[in-house]
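Order of the sequence lines sets the chain letters (A, B, ...), proteins ahead of strands, with each chain counted from 1.
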Amino acid sequence: MSDPFDLSDSTSNSDSVKPRPDGPSYLTALNEEQADAVETVEGAVLVLAGAGTGKTRVLTTRLAHILNSGHAHPGETLTVTFTNKAAREMKSRVERILKHPLEGWFLGTFHSVAARILRRHAEVVGLKSDFLILDTDDQLRLLKQIIESHDLDEKRCPARSLSTIINKWKDRGLGPDQITPAEEVAFADTMASYLYRDYQMRLCKLNAADFGDLLLHNLTIFQNEEQILEEYQQRFRYILVDEYQDTNISQYLWLRLLAQKHLNICCVGDDDQSIYAWRGAEVNNILNFEKDFPGAKVVRLERNYRSTSHILGAASNLIAHNENRLGKTLWTDVNGGEKVRVNGLWDGEAESQLLLDTISDQQLNGHSLNEIAILVRASHQTRPLEERFLRTGLPFRLVGIMRFYERLEIRDAIAYLRVIAQDSDDLAFERIINQPKRGVGNSTLEKLHVVARSADYPLIQAARDLIESDELRGRAKTGLQDLIQLIDQWRELHRKETELPILAQKVLENSGYLEMWKKDKSIQAPGRIENLNELINALHEFDTLSAFLEHISLVIDNSERVEGDMVNIMTLHGAKGLEFDTVFLPGWEEGLFPHQRALDEGGLKGLEEERRLAYVGLTRAKHNVMISHVANRNVFGQWKSALPSRFLRELPDENIVETSEILASGGVEEINEDVSDWNRPKLGRRPSNWKRLSQSSQQKSNFPETPPDPTPNAFRIGLRIFHQKYGYGKILNIEGNKLEVSFEKAGTKKVMGSYVQPT
DNA sequence: GTACATTCTCTTTTT
DNA sequence: GAGAATGTAC
């Protein structure tokens with residue numbers, strides 16, 4: 001069975017390889033450019049590797065070659081990737097080439113390597129080596145508290161915006177002291193840098209670091225303690241970097257500091273696949289490489305071993321519309337193949353249906369479902385697909401959409417464990433204090449905060465003190481007392497080195513947390529209990545609680561079921577680095593893809609990044625691509641009419657086959673006019689007057705999701721109608737396109753005529 | 001003061 | 001359609 005996560009090149013490129021009688025066998029499988037990139041061991045090397053040109057092969061072979069040829073011991077190499085998946089893959093492939101397992105080297109994500117270094121020198125930046133790594137959710141809670149503590153209006157100064165601002169500063173390597181007045185942004189009357197400083201102080205008190213801190217603290221350590229920097233510079237004789245186009249400034253500075261001594265750095269990347277600018281990635285890092293490392297060797301990999309010429313043609317033409325790129329010409333000698341299919345459909349329902357039908361056909365024709373992927377722009381697009389898959393009974397897996405460790409119940413359970421591990425973990429304590437309900441509400445919590453703040457000690461300590469005093473009474477007091485007692489018991493178990501699964505089991509049972517979900521009769525509850533059991537199960541793999549907590553904060557991998565033959569559903573971002581026989585790309589509509597927000601916030605740059613995303617999507621496919629767009633999409637429970645994505649216009653006719661069930665009168669021509677005008681109207685603002693060519697999909701499905709017919713209904717008073725949300729009702733009055741309706745269940749409401757249907 | 005019901009706002013992508 | 005913020009009932 002094929003493994004969907006196998007990053008190996010689909011096609012062996014042995015046919016194109018000139019015989020290379022010299023050197024070890026792993027080198028003989030490379031083409032000329034690849035071999036050049038691998039064998040240029042000394043000095044700085046930039047490998048510009050287009051999609052499907054054997055990038056991973058080059059990186060792994062190069063590392064194996066450095067080790068095998070005696071240039072360095074594993075401990076003298078540093079290899080950084082962006083995802084744990086990529087790191088794992090790289091490790092196993094290098095070990096496969098060398099035919100023995102390796103230990104003690106630095107191979108991992110930027111964040112995990114930085115965390116490892118930071119733990120060794122935490123005291124330099126005022127942390128203890130067992131500092132806690134906060135994830136996005138924790139960070140947001142903390143910022144919210146800080147905003148509240150300064151009596152700022154949360155509506156006008158949302159924690160989310162502040163986190164974006166602070167993260168951006170951190171991505172650029174700027175600590176609170178480096179924020180110049182010119183850097184200050186409009187947030188709460190230029191209080192952002194002040195709040196940033198406050199936030200960092202809070203983190204320090206909590207003995208915690210957020211994702212950005214891992215790199216930023218590393219930089220501080222390197223800049224302040226020269227001998228520590230030198231130690232690492234000396235140690236890392238060879239540095240390898242994957243996905244260099246995605247590095248942000250602090251990662252870039254980090255790499256540059258580390259590489260300064262030996263200057264043996266090899267970065268692999270593709271500017272056309274840079275899709276993380278929103279996260280601070282700086283494409284200039286790749287564009288400036290030769291300036292940063294004078295005399296650097298640049299190797300271009302342009303021979304594509306993955307896709308057919310039609311797919312490559314479509315992708316190349318699309319990406320050629322970007323102005324900001326180094327420019328590469330991918331080529332293949334695999335000619336022909338099937339053209340890229342483009343389908344216009346009436347609504348999301350019809351789209352899902354078409355996808356499922358096509359997939360069923362492929363399955364009948366003996367295709368492996370593992371080799372099929374549906375790549376969406378935004379994760380909420382997966383839900384209607386899921387429902388359709390479940391109804392049809394076709395197996396599927398969601399890759400990276402709902403991360404296991406981000407689930408509510410898992411986060412709660414982990415919070416319990418965190419409280420056991422660290423007294424100072426206020427965030428975790430706050431999370432579990434009234435979960436399950438034990439009568440400790442907001443006002444009690446506020447009292448705890450006041451005490452903790454004035455005495456400058458952890459929340460849990462404040463709880464202990466308040467129980468002793470007369471401040472609390474009733475259920476708040478007993479509830480809190482019981483909780484503290486339980487925590488002390490659990491800590492005792494932990495001290496006695498109770499096995500983690502047993503400890504967790506006891507925690508979940510004694511706390512009543514498990515019971516809470518057992519009593520819950522919502523549909524999700526059984527699934528949550530299952531997840532909790534899965535968590536207990538996962539704990540078997542860890543010896544200590546702190547090892548587990550470290551794992552979850554950085555290796556937030558999904559516990560996906562990889563086994564079995566299933567269709568892969570994931571976001572375009574999540575698909576980078578993967579490849580499949582058949583790729584479905586639904587939702588190519590203006591506003592969704594390119595996403596309106598990317599355009600609003602990023603302008604032309606935003607558009608170009610969206611286009612790169614489209615390029616990434618297309619180039620995942622080996623043999624078949626099917627793109628689809630719909631005329632009506634239900635966003636938010638509201639029907640919006642949508643125009644086909646401008647990207648469709650950028651695919652050459654000779655590489656595509658277009659079929660459409662819809663016909664636009666007005667609107668579609670407008671999309672053709674001026675490609676450089678990125679500022680399109682918002683999704684559905686302009687009526688597009690779609691006409692359905694076939695009624696088939698409407699007849700097939702009489703689900704309430706069916707969008708309103710675009711032709712105006714002849715409403716009259718007394719007509720019985722159906723509304724999606726309110727159900728059946730009678731029209732009482734008509735004012736323009738607004739109707740006053742007396743609903744059978746929901747009472748009298750005013751609704752838009754376009755949202756009701758005559759029955 | 002807490003728990004429950006209701007309203008209101010957002011949803012791009014992630015280590 | 002969910003999660004949080006707000007309002008209302010104990």
What contact category does A:Arg160 fall into here, base, sugar-phosphate, or nothing, at under 4.0 angstrom with non-hydrogen atoms?
sugar-phosphate
Counting only heavy atoms not in A:Lys447, do more than 12 fall under 6.0 Å of its NZ?
yes
A:Lys144 near the nucleic acid: base, sugar-phosphate alone, or nothing, with a heavy-atom cut-off under 4.0 Å?
sugar-phosphate
With sugar-phosphate meaning primed atoms plus P, OP1 and OP2, does A:Thr136 contact a base, only sugar-phosphate, or nothing at under 4.0 Å between heavy atoms?
base
Is A:Arg612 positioned over the aromatic face of A:Tyr615, cation under 6.0 angstrom from the ring centre and no more than 45 degrees off axis?
no
Could you check how far CD of A:Glu386 sits from C1' of C:dG1, rounded to whole Å?
13 Å
Does A:Arg119 qualify as a cation-pi partner of A:Phe131, given the criterion of NZ or CZ under 6.0 Å from the six-membered ring centre and within 45 degrees of its axis?
yes
Are A:Trp278 and B:dT13 stacked, counting the six-membered base ring, centres under 5.5 Å, planes under 30°?
yes
Quick one: which of A:Leu318, A:Ile627, A:Leu643 gives a side-chain contact (heavy atoms from CB on, under 4.5 Å) with A:Leu648?
A:Ile627
NA contact type, A:Glu601, heavy-atom cut-off 4.0 Å: base, sugar-phosphate, or nothing?
base
Between A:Asn442 and A:Arg383, whichever has its closest DNA chain C nucleotide further toward 5' is A:Arg383
Using a 4.0 Å heavy-atom cut-off, does A:Tyr276 contact any base of the nucleic acid, only the sugar-phosphate backbone, or nothing at all?
sugar-phosphate
